[in-house]
Every structure is written in structure tokens, then in C-alpha cells.
Engineer: 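I'd like to ask some things about the structure below.
Convention: sequence-line order gives letters A, B, ...; per-chain numbering from 1.
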Protein chains: 2
Amino acid sequence: MQLKDLAKQLNVSVSTVSRTVNGTGRVGAKTRERILDAIKQTGYQPNEVARSLKRRSARTLGVVVADLSNSFYSKVIKGVEKVASENSYNVFVCNTDEEVGKEEEYIRVLLQNQVSGLVIATVGSDVRLFQPYIDSGIPFVFIDNLPLLEERFNLVAIDNAKASRSITQHLVDQGHRKIAMMTGPLNQSTSSERLLGFRKCLEDNGIMPEERWIGVGTFKQEYGYRMMREWLLNEDRPTAVLAANDFLMYGAIKAIYERGLKIPEDIAVACFDANDETGLISPGITAIIQPAYEIGSIAAEIIMRREHDKGRKQYEKIELEPVLLLKQSSMGNKG
Amino acid sequence: MQLKDLAKQLNVSVSTVSRTVNGTGRVGAKTRERILDAIKQTGYQPNEVARSLKRRSARTLGVVVADLSNSFYSKVIKGVEKVASENSYNVFVCNTDEEVGKEEEYIRVLLQNQVSGLVIATVGSDVRLFQPYIDSGIPFVFIDNLPLLEERFNLVAIDNAKASRSITQHLVDQGHRKIAMMTGPLNQSTSSERLLGFRKCLEDNGIMPEERWIGVGTFKQEYGYRMMREWLLNEDRPTAVLAANDFLMYGAIKAIYERGLKIPEDIAVACFDANDETGLISPGITAIIQPAYEIGSIAAEIIMRREHDKGRKQYEKIELEPVLLLKQSSMGNKG
DNA sequence: GCTGTTTGCGCAAACGTTGTCTCAAATCGA
DNA sequence: TCGATTTGAGACAACGTTTGCGCAAACAGC
């Protein structure tokens with residue numbers, strides 16, 4: 001069933017039907033009634049692809065994340081989705097597995113599909129590849145990581161350095177001096193900023209950061225495990241460890257337990273984004289919790305604002321406040 | 001940049017450019033070279049929306065799940081995505097929050113967007129609403145739950161009744177006689193089938209299922225907690241409990257611990273889909289593990305088969321084998 | 001009743017592709 | 001060298017919408 005058939009059936013022109021469907025232009029009250037009735041009866045559904053082609057924009061948002069099964073991202077997606085569906089947009093979700101190549105490919109595909117805007121948790125693709133699109137006004141909203149080498153973008157994120165300082169300060173306040181940190185690749189700003197905040201905090205407290213206790217690797221559990229194991233091999237080991245995300249933390253804890261050590265008695269643990277839906281992980285993990293859902297919904301809202309008010313050329317950088325959640329994993333007695 | 005511009009630039013017709021882009025029809029070697037070069041230089045990207053309109057099908061798969069942050073579904077999605085991208089399709093992901101209305105709405109939207117096929121973990125929407133599409137040959141592939149009142153569909157799932165029997169049998173083998181079960185709404189086949197298998201197994205073992213120890217509610221943690229608490233209030237309590245998914249199990253465990261009981265010493269626990277990425281939940285949970293990733297990829301493959309061989313009118317029902325993962329939560333001594 | 005404005009609706013041209021139908025030119029066999 | 005065949009490439013009509021333009025009818029003001 002399409003516009004044409006409906007029009008024929010009712011002896012009106014396609015334009016008239018189209019206008020009543022969209023509520024645009026002028027249509028007589030009587031004809032409108034008839035058309036609306038017919039639509040209900042026949043169950044006509046407009047072809048969105050044709051619409052998108054005509055209006056040169058699909059009412060669609062693209063979301064590119066590194067890992068769908070990471071609950072931080074799935075919350076972000078839910079946030080995006082909520083705002084999208086409120087505006088009757090829908091959402092393309094893409095999963096890059098943290099591969100730059102895949103990320104670039106997906107962004108390209110999304111743009112070819114005429115998305116109205118993109119929400120990207122980049123792992124470092126070269127955004128300049130998409131310059132023509134950016135210039136043509138398609139909003140790119142970054143969350144989490146900053147893009148490389150590019151100024152013209154919107155951002156929704158927490159202040160990672162600051163958050164990192166605050167959680168590190170908490171460890172220091174607990175009496176720790178020998179604090180280790182593990183993080184992902186430094187070309188991701190979440191990594192570098194969190195490390196920066198960590199260093200800054202230690203220095204502010206007159207503690208010299210120990211380079212051997214700074215682990216820069218990947219954001220995966222495997223790396224957290226390996227790094228922690230290495231640190232624990234040595235007699236002189238850290239009394240606290242900060243992990244830049246939850247996967248690293250899980251790996252670290254595994255190594256700690258394997259070594260027969262206790263948390264927080266022997267070693268305190270804290271991280272970013274610990275997310276225990278089950279409530280069963282014990283001890284509870286002290287962590288910086290990002291407002292993931294809000295990050296997603298605000299990112300989508302930025303795109304919506306651009307949609308309603310094209311032309312707008314300014315970029316929004318929105319900083320959200322994370323929460324420092326204190327749990328047992330860091331509340332031992334130490335010094 | 002579009003076909004037209006490229007054509008003008010090279011003094012050839014749009015058709016010729018289109019043909020070389022798609023590798024269809026005949027184009028002289030020399031012209032092809034020139035065109036390919038120009039494409040590289042200008043970075044021309046075809047407009048997928050126009051293509052989709054023309055060929056009356058977007059190379060796109062729709063996936064409708066109840067809960068994105070459920071790792072079972074996110075694995076399914078990854079599976080779908082893998083196959084899709086291998087075939088240069090992409091994937092619309094929709095989240096229904098277990099609401100039938102949302103589910104129907106999303107299916108509608110996806111169809112309006114001319115998806116080539118749908119992968120649906122239904123929570124009970126009325127598929128007959130989409131009869132015209134089904135008849136027109138758009139493949140619907142159900143995973144997890146069966147659709148209501150409709151015969152013409154593809155299915156990829158485990159045999160829930162059988163799996164349920166096997167995990168129940170395991171509890172019986174451990175010496176349990178007083179076994180409780182909690183599950184979601186019975187209009188979802190995962191619920192009803194799992195309950196059926198549970199009953200069947202008890203009966204086969206000459207155990208009379210106790211109706212008071214059968215909880216039918218929702219698949220949420222909250223319900224697992226409430227139900228378990230109720231059961232534990234009574235002096236005469238079950239010595240083992242089977243939960244139809246992991247959320248219910250988490251809730252149940254919370255109630256058990258609150259009551260000061262031990263797993264598995266006081267009460268054994270088993271469930272479907274327990275998924276402890278962290279490896280930190282203790283004791284480990286005995287569970288039926290579904291091959292989620294395979295479910296997704298096979299579902300997508302079914303759609304791909306249909307794409308290559310339209311006309312095919314048969315429906316595929318594929319049954320996958322789950323794994324019964326034995327852990328400490330059920331390995332106590334009991335009778 | 002005559003001009004001037006509004007209202008309702010149809011026509012037709014887009015939107016960016018693909019694919020069928022041409023037809024001229026090139027190639028072939030004898 | 002001549003017809004027969006193959007090959008290369010252009011014209012043009014789709015695909016299902018939206019929308020600017022135009023025109024007749026209806027309505028207003030005087």
C-alpha cells in the first residue's frame with residue numbers, strides 16, 4: 001500500500017494525501033477526514049526510505065561504541081534511544097570491538113545512510129576522513145573519548161582528570177602512599193586524562209608517582225590480570241590500585257585473590273565504572289560512576305537541537321558530574 | 001559528491017558510472033579505470049538511501065530485544081552483527097524494555113525502513129499485525145521466545161523444556177526433593193517451557209511439584225528477591241531453587257543471604273543464562289548457558305539465505321544445544 | 001458585481017540511484 | 001568486404017515520497 005494507491009482509491013491526488021499524512025500544507029477538513037479514515041482502514045505506512053531520500057536526511061541517529069556488552073555503553077545507548085524515540089527518530093547501533101578500522105568503516109556506512117547525527121565513543125579513528133560531512137553540518141557528538149586532531153565536534157563527558165584526582169585523593173586519605181594505576185592506551189583521552197589526574201593528585205600530596213606502578217596497556221580484563229600479577233611478584237608491592245575501568249579491575253582482583261591477598265586489608269582497590277548489577281560482588285568496589293544514561297540522552301539532545309536549528313555552527317562541550325561511590329574495597333586501614 | 005557530478009566530470013553518463021560502481025553490466029576497461037580513479041580521488045560514496053529506495057530493500061537487518069544491557073542479548077546482537085557486516089549489511093538495534101507496545105512500534109518502524117529481515121526476541125506482540133510484510137516474504141526470525149498465534153516464522157533457540165529438565169535433574173541427583181522454581185510471565189514460551197520441563201522432571205522422578213514453590217512473575221531481579229523472601233519466611237522451605245534467568249537468580253541470592261543462609265549448604269541455586277563476566281561472583285552459579293552468539297549469527301544467516309534465494313517459502317526452525325555448567329552453587333550435600 | 005484575497009487541491013519536478021532499452025561502433029567469420 | 005554478432009555507453013523511466021507552483025473556486029470588502 002502506498003500513497004498512490006490510497007490517492008487513487010479516494011480520487012484525490014497524491015499530494016493531498018501526502019499533505020494530510022504530514023499535516024503540512026492546506027487540506028480541507030472533509031477530505032482530511034476521508035483520508036485519515038482510509039489510512040486507518042488500509043493500515044497504510046509511509047515508506048521511510050523514500051521519505052529520507054526526498055528530505056535528504058533519514059530521521060536516524062548512529063551510535064558507535066567499542067563494546068556493546070559493556071554496560072556503560074549499553075546505558076549510553078538506552079539514553080540515546082529514549083531521546084531518539086521521543087522525537088520519532090530511530091537508532092543504528094554499531095559495535096567496533098575497539099578496532100579503529102571498524103570504527104571508520106561504520107561511521108562511513110552510517111553517513112552513507114544519511115543519519116542525522118552521530119554519537120561516537122571513539123577509539124581513535126581519524127575524524128578528518130569525514131570532514132565533508134562535518135562541514136555539511138552533520139553533528140558528531142563524542143562521548144567518553146575525545147577525537148584526535150579535530151576541533152569541530154560536540155562533546156558530552158565527565159572531567160576525567162578531575163574525577164581521577166578525586167578518587168586518588170580518596171585512596172591517599174585512607175593512608176595509602178604506594179598506589180598503582182593501570183589504564184588503557186594513551187591515545188585515548190580517557191586513559192591519558194585519568195592517568196594525568198592520578199599523577200597530579202599524588203604530586204599535590206607530595207608523593208612521587210612510581211613509574212613501575214603505572215601500567216599502560218589495554219582496557220581488557222586480561223591486561224589487568226597480567227599487570228597486577230607482575231606487581232605482586234615483587235616483595236615491595238603497592239597497597240592500593242586504581243584501575244581506569246571495570247574490566248581492568250576484575251582482572252586485577254583475580255590476580256590479587258590468586259596471590260592469596262585480601263581486599264581491602266592487603267590491598268585496596270578502586271576503579272572507574274564499576275558496575276555490579278548483581279549486587280553480589282564482594283567486597284563492593286569503590287568507583288567513579290559516570291552518568292551513562294544521561295551522557296547518551298544529552299548527546300542525542302544535542303543532535304536534536306541541531307536538527308531543529310540547522311545553521312547553528314557552534315559546538316557544545318558538556319561536562320557531567322560523576323559520582324564517587326565509596327565501598328569496602330578501599331575502606332581498609334592502611335598506611 | 002554524487003554519481004551525476006562524477007559523470008559530468010568524466011564526460012560519461014551516470015549509468016556508466018553506476019555500472020562500474022556496482023560491477024554490473026558492461027563497461028570498457030579504459031573507462032572503468034578512469035572512473036575508478038576518479039572515485040578514489042573524489043572519495044565518492046554512494047547514497048545508500050537512494051539505493052535502497054531503488055532496489056526496494058535496505059541492506060539492513062533489524063534486531064528487536066527486550067533489554068540491551070542483558071548480556072545474553074548483547075551477545076546475540078554481536079552475532080547478528082558479525083554475519084551482517086560480512087555481507088555488508090548493517091544492523092538496526094531496538095530495545096523494547098519488555099513492553100509489548102514498544103515492540104510492535106519498533107517492528108513497524110523497522111519495516112517502514114525496508115529492513116531485509118527481522119530478528120526478534122519477542123515479549124508477546126501480536127505478529128499478525130505484520131501479516132502483509134510476512135506474506136511479502138520479509139523473513140522474521142524469532143529467538144528465545146516463540147511468537148503467539150502465528151505459524152509462519154523462523155526460529156533459532158534451544159529446547160527450553162529439555163534444558164530445564166536436565167538442570168532440574170541435576171538438582172534431583174544432588175539429592176534435592178524440595179525444589180522451587182521461579183520464572184517470568186507464562187505467555188512467554190521461555191517461561192512456560194522451562195516451567196514445563198521442571199514439572200516434567202520432578203514427576204519423572206516421582207516427586208510431586210509443590211505449587212506454593214512455583215513462582216510465576218516477571219524476569220526481573222526484584223521479583224526473584226520478593227518471591228525468595230516469601231519462601232524463606234516459612235519454616236518448611238525449599239532446599240534448592242531454579243531460576244528461569246539470571247536476574248531472578250540474583251534477586252533470590254540476595255534474599256537468601258539476607259536471611260543468613262548459605263549457598264549451597266542451606267539452599268542450592270541454579271538458573272538459566274548466568275553470566276559472570278567478572279569471575280568474582282562466589283559461589284559460582286550452576287546454569288544452563290545458551291549459545292547466544294551463535295543464536296544471533298545463525299538468525300542472521302537465515303535472513304541472508306532468504307536474501308540470496310528469495311522465493312523460498314519454507315521456514316527454518318533451528319535448535320541449538322545449550323551447555324549445563326556445573327558450579328558450586330548446586331554442589332552441596334543435601335537430601 | 002467587481003476586484004482582491006484566501007482556500008483546497010492537482011501537476012510535475014525533484015531526491016540519487018539502478019536497470020532496461022537503445023543504438024552506434026567495434027569485432028568477427030567466411 | 002559484407003553481414004552478423006558482440007561490446008560499450010547513453011537516454012530515460014522507474015523507486016515512493018515531498019513540495020513549489022499554479023489555478024479554480026470560494027469568500028471577502030466595498
Side-chain angles (χ1 to χ4, degrees), chain A residues 1-36 38-39 42-60 88 108-109 111-116 132-133 136 138, chain B residues 1-36 38-39 42-60 88 108-109 111-116 132-133 136 138:
Chain A
M1 173 65 50
Q2 2 173 319
L3 233 38
K4 199 175 35 175
D5 309 321
L6 211 52
K8 202 169 295 172
Q9 211 180 98
L10 297 171
N11 262 318
V12 294
S13 71
V14 270
S15 351
T16 307
V17 184
S18 168
R19 278 191 286 255
T20 74
V21 170
N22 293 286
T24 66
R26 290 176 306 218
V27 182
K30 248 173 116 173
T31 2
R32 179 171 35 243
E33 278 306 300
R34 277 178 57 217
I35 295 177
L36 255 26
I39 289 177
T42 60
Y44 162 76
Q45 306 274 9
N47 178 325
E48 281 302 324
V49 174
R51 285 182 152 183
S52 303
L53 175 61
K54 184 63 207 182
R55 79 164 92 84
R56 313 172 86 182
S57 141
R59 290 208 205 291
T60 293
S88 38
R108 174 169 305 120
V109 169
L111 290 168
Q112 284 178 210
N113 279 280
Q114 313 276 106
V115 293
S116 310
Y133 292 96
S136 81
I138 294 181
Chain B
M1 172 65 49
Q2 1 173 318
L3 234 38
K4 200 176 34 177
D5 308 321
L6 212 50
K8 202 169 294 171
Q9 212 180 96
L10 297 171
N11 262 317
V12 294
S13 71
V14 268
S15 347
T16 307
V17 182
S18 169
R19 279 191 288 254
T20 76
V21 170
N22 293 286
T24 67
R26 287 178 304 220
V27 182
K30 248 173 114 171
T31 1
R32 180 172 33 241
E33 278 307 299
R34 276 177 59 218
I35 294 178
L36 256 26
I39 288 178
T42 59
Y44 162 76
Q45 306 274 9
N47 178 325
E48 281 301 325
V49 173
R51 286 181 153 183
S52 304
L53 176 61
K54 183 61 208 193
R55 79 163 89 85
R56 314 173 85 176
S57 143
R59 291 207 205 291
T60 293
S88 40
R108 174 170 302 120
V109 169
L111 290 169
Q112 284 177 212
N113 279 279
Q114 312 276 105
V115 292
S116 311
Y133 293 96
S136 81
I138 293 180

Engineer: Check salt bridge (charged side-chain N to carboxylate O under 4.0 Å, His left out) between A:R51 and all other residues, then give those that pass, not counting sequence neighbours.
Structural biologist: A:E48
Engineer: Output the rounded distance in Å from CZ (B:R32) to P (D:dT7).
Structural biologist: 13 Å
Engineer: Between A:T60 and A:Q114, is any pair of side-chain heavy atoms under 4.5 Å apart?
Structural biologist: no
Engineer: What is the separation between atom CG on A:L3 and atom P on D:dT18, rounded to the nearest whole Å?
Structural biologist: 6 Å
Engineer: Does any residue of residues 14-22 of chain A have a heavy atom under 4.0 Å from DNA chain D, and if so, which ones, in number order?
Structural biologist: A:S15, A:S18, A:R19, A:N22
Engineer: Can you list the residues that meet the side-chain hydrogen bond (donor to acceptor under 3.5 Å, both in side chains) rule with B:T42, with sequence neighbours excluded?
Structural biologist: none
Engineer: Would you kindly give the CG-to-C1' distance between B:N11 and D:dG10, to the nearest whole Å?
Structural biologist: 12 Å
Engineer: If I compare all heavy atoms of A:N113 with all of A:A58, which pair ends up nearest, and what's the gap?
Structural biologist: O-CB, 3.8 Å
Engineer: Test of understanding: with side chain to side chain contact (heavy atoms under 4.5 Å, CB included), list the residues that count as partners of A:R59, not counting sequence neighbours.
Structural biologist: A:R55, A:Y89
Engineer: Tell me, please, which residues at least two apart from A:S15 pass side chain to side chain contact (heavy atoms under 4.5 Å, CB included).
Structural biologist: A:S13, A:R19
Engineer: Can you name the residues that form a side-chain hydrogen bond (donor to acceptor under 3.5 Å, both in side chains) with B:T31, not counting sequence neighbours?
Structural biologist: none
Engineer: How would you list, by chain and number, every residue that makes a side-chain hydrogen bond (donor to acceptor under 3.5 Å, both in side chains) with A:T20, sequence neighbours excluded?
Structural biologist: none
Engineer: Give me the atom names and distance for the closest heavy-atom approach of A:S116 to A:S57.
Structural biologist: OG-OG, 3.5 Å
Engineer: Touch check for B:T31, heavy atoms < 4.0 angstrom, all strands: base, sugar-phosphate only, or nothing?
Structural biologist: sugar-phosphate
Engineer: Using heavy-atom distances to pick each residue's nearest nucleotide on DNA chain C, tell me which of B:R26 and B:Q45 is more 5'.
Structural biologist: B:Q45
Engineer: My understanding is that only residues two or more places apart in sequence, or in another chain, count here; which of them pass side chain to side chain contact (heavy atoms under 4.5 Å, CB included) with A:K4?
Structural biologist: A:Q2, A:V14
Engineer: Using five base pairs at each end, measure the axis-to-axis angle across the helix from C:dG1-D:dC30 to C:dA30-D:dT1 and round it to 10 degrees.
Structural biologist: 30°
Engineer: Heavy atoms of chain A, cut-off under 4.0 Å: which first and last nucleotide of DNA chain C, 5' to 3', fall inside that, if you could look?
Structural biologist: C:dT7 to C:dG16
Engineer: For DNA chain D, whose closest nucleotide is more 5', that of A:Q2 or that of B:A29?
Structural biologist: B:A29
Engineer: I need the minimum non-hydrogen distance between B:L53 and A:V49, along with the two atoms involved.
Structural biologist: N-CG1, 3.5 Å
Engineer: Do you know the tightest heavy-atom contact between A:V17 and A:V12?
Structural biologist: CG2-CG2, 3.7 Å
Engineer: Where along residues 47-58 of chain A does a heavy atom come under 4.0 Å from DNA chain C, residue by residue in number order?
Structural biologist: A:L53, A:K54, A:R56
Engineer: Applying side chain to side chain contact (heavy atoms under 4.5 Å, CB included), can you list everything that pairs with A:Q45, at least two apart in sequence or on another chain?
Structural biologist: B:R108, B:Q112, B:Y133
Engineer: Tell me the interatomic distance from A:D5, atom CG, to D:dC15, atom P, rounded to whole angstroms.
Structural biologist: 11 Å
